[in-house]
Protein chains: 2
Amino acid sequence: MTEMVQYNEKQQQIMAIALRLFAENGYDKTSIRDIAREAEVNVAMVSYYFGSKDKLLEAVFINHFKFIRSAFKTILNQRNDSATEKVSKIIDMFVDMLADRQLFHRLMIRESGILKQGPLFDMIKEMKTVNRRLVEKAVKNGQRLGVFRTDVDVFFMSSVLIGSVHQNMANTRYELEHRNITEEQRETIKHERTETLRTHLKRMFIAYLTDPSNV
Amino acid sequence: MTEMVQYNEKQQQIMAIALRLFAENGYDKTSIRDIAREAEVNVAMVSYYFGSKDKLLEAVFINHFKFIRSAFKTILNQRNDSATEKVSKIIDMFVDMLADRQLFHRLMIRESGILKQGPLFDMIKEMKTVNRRLVEKAVKNGQRLGVFRTDVDVFFMSSVLIGSVHQNMANTRYELEHRNITEEQRETIKHERTETLRTHLKRMFIAYLTDPSNV
DNA sequence: ATGTTTTAATTAAACGTTTGTTTAACTTTG
DNA sequence: CAAAGTTAAACAAACGTTTAATTAAAACAT
């Protein structure tokens with residue numbers, strides 16, 4: 001219970017600012033002094049609370065992974081859906097998860113590219129495995145019911161799923177940067193893009209899974 | 001003609017090492033001294049030849065963009081294919097391009113995430129636009145011939161295309177890291193993954209484009 | 001071809017900044 | 001009064017870059 005109240009207000013403030021700066025400018029291009037300035041705390045507070053810059057990044061990761069793990073559990077415990085509904089729900093979960101936590105995923109995608117070991121590597125690897133298991137479960141369910149093809153590739157599908165969502169956001173960001181529109185319009189376009197992505201991902205996956213043609 | 005021989009041997013040596021280190025360890029985590037050591041040149045040579053670390057990165061980008069642009073032109077000038085063959089060829093081109101130049105694309109994906117302006121931003125934005133145009137052209141061709149649906153989304157498709165390929169490679173890397181296998185086995189698995197990706201991407205896209213069901 | 005001059009390439013050392021982190025003094029809180 | 005929180009200052013290390021000196025290569029005139 002008290003385990004949950006792990007971080008006090010100041011710590012959360014530091015972590016929130018750190019996440020934003022890490023995601024927007026990169027971990028290495030963000031100095032502890034940058035974080036301290038924006039979070040309006042002394043530079044020494046980061047070492048005091050988190051030990052080091054590395055550990056701060058780790059804390060940010062752990063924080064979000066907790067949330068993500070519980071989201072996975074929720075979807076895993078859902079039953080009584082049709083095979084296509086299950087796929088649809090998984091896509092919804094991924095799109096929502098990535099849309100709601102854009103900053104974190106931008107950071108994760110960036111840092112994941114250069115990790116070779118350590119706690120962050122292990123966390124990301126674990127998440128990749130869980131992603132795959134989730135997709136696998138839904139696919140096997142549809143295959144058991146005889147509505148999905150038997151020659152689909154789960155590794156491929158989980159790559160498409162996460163890769164498409166991330167790329168869609170990255171492309172949208174590039175398109176909107178430097179465009180002279182209000183923040184409101186920007187958010188509207190982003191939202192439209194997300195909904196289009198959601199709809200078409202579902203259609204594409206169902207088409208792929210149920211495609212009757214020979215290869 | 002002489003314009004082509006832009007870089008001498010030493011410059012190319014520096015650029016090759018820089019690309020590898022930037023891609024594997026990140027731009028910021030790679031020092032000029034690291035590059036100089038591995039390229040077996042003096043640290044001052046980087047400034048001497050490229051002006052700065054920033055400009056070296058820019059040179060690496062320009063170098064690869066030249067190649068990529070010419071690959072695009074090749075595919076754009078191909079004719080007399082069926083609609084599905086055109087899509088198939090585009091997928092082949094993207095998969096080959098990303099597989100052959102893995103290091104560069106790892107670097108680009110990473111750095112693209114934090115760019116807001118400047119020459120690199122512009123180059124990447126241009127490439128995203130060209131990607132989209134290529135997909136658009138193939139899609140419209142198929143629609144004109146009446147074999148593709150009219151309600152497909154080109155922005156979505158180009159996101160899926162590039163995002164899936166990159167994510168597939170990233171996931172494969174995570175899976176293979178720390179596995180106690182020979183370099184040969186590693187390359188074999190990588191190759192298998194790439195071919196599976198190619199096959200299934202084609203099948204999925206064709207299924208998405210020709211799916212007869214209502215939405 | 002030769003010796004001379006000019007340009008380019010290369011080097012070790014130094015420069016000024018910025019970095020993450022620590023210290024030691026001070027303030028607030030329980 | 002003891003513990004936790006907070007601060008400004010200091011620290012050493014690493015960074016990108018520049019300097020000034022030296023060597024190699026090229027261009028040139030004789």
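The chains referred to below are lettered A, B, ... by the order of the sequence lines, with proteins before strands, and numbering in each begins at 1. Every heavy atom of this structure was used, including side-chain atoms; hydrogens, water molecules and symmetry mates were not.
A cation-pi arrangement is absent between B:Lys29 and A:Tyr27, since the terminal nitrogen or guanidinium carbon is not both under 6.0 Å from the aromatic centre and inside a 45° cone about the axis. Both the sub-6.0 Å distance and the 45° axial angle are satisfied by A:Lys128 relative to the ring of B:Tyr174.
Nucleotide D:dT17 holds its P atom 7 Å from the CG atom of B:Asp54, rounded to whole Å. Distance, A:Asp28 CG to D:dA14 P: 15 Å, rounded to whole Å. One atom, CE of A:Met45, and another, C1' of C:dT23, lie 15 Å apart when rounded to the nearest Å. Per the geometry, CZ belonging to B:Arg33 stands 13 Å off P belonging to C:dA13, to the nearest Å. Atom CD in B:Gln13 sits roughly 15 Å away from atom C1' in C:dT10 (whole-Å rounding). Going from atom OH of B:Tyr27 over to atom C1' of D:dC15 covers 11 Å, rounded to whole Å. Rounding to whole angstrom units, CD1 of residue B:Ile35 and P of D:dG16 are separated by 8 Å. If you measure from atom CD of A:Glu40 to atom P of D:dG5, you get 19 Å, rounded to the nearest angstrom.
Of the candidate nucleotides C:dG20, D:dG16, D:dG5, D:dG16 has the atom lying nearest to any side-chain atom of B:Lys53. Taking every side-chain heavy atom of B:Ala44 into account, C:dA12 is the closest of C:dA14, C:dA12, C:dT21.
OP1 or OP2 of C:dT10 has at least one side-chain nitrogen or oxygen of B:Lys10 nearer than 4.0 Å. Note on B:Tyr48: every side-chain N or O is 4.0 Å or more away from OP1 and OP2 of C:dT10. Taking 4.0 angstrom as the limit, B:Asn42 places none of its side-chain polar atoms (N or O) nearer than this to OP1 or OP2 of C:dA9.
No salt bridge links B:Glu24 with B:Arg106; every basic N to acidic carboxylate O contact stays at or beyond 4.0 Å.
Ring pair A:Phe72/A:Phe65: centre-to-centre distance not below 6.0 Å.
Using a 4.0 Å heavy-atom criterion, one finds that B:Phe50 contacts no nucleic acid atom at all. Across all strands, A:Ser31 comes closer than 4.0 Å only to sugar-phosphate atoms, never to a base (heavy-atom distances).
Between the side chains of A:Asn8 and A:Gln12, no donor-acceptor pair is found at a separation under 3.5 Å.
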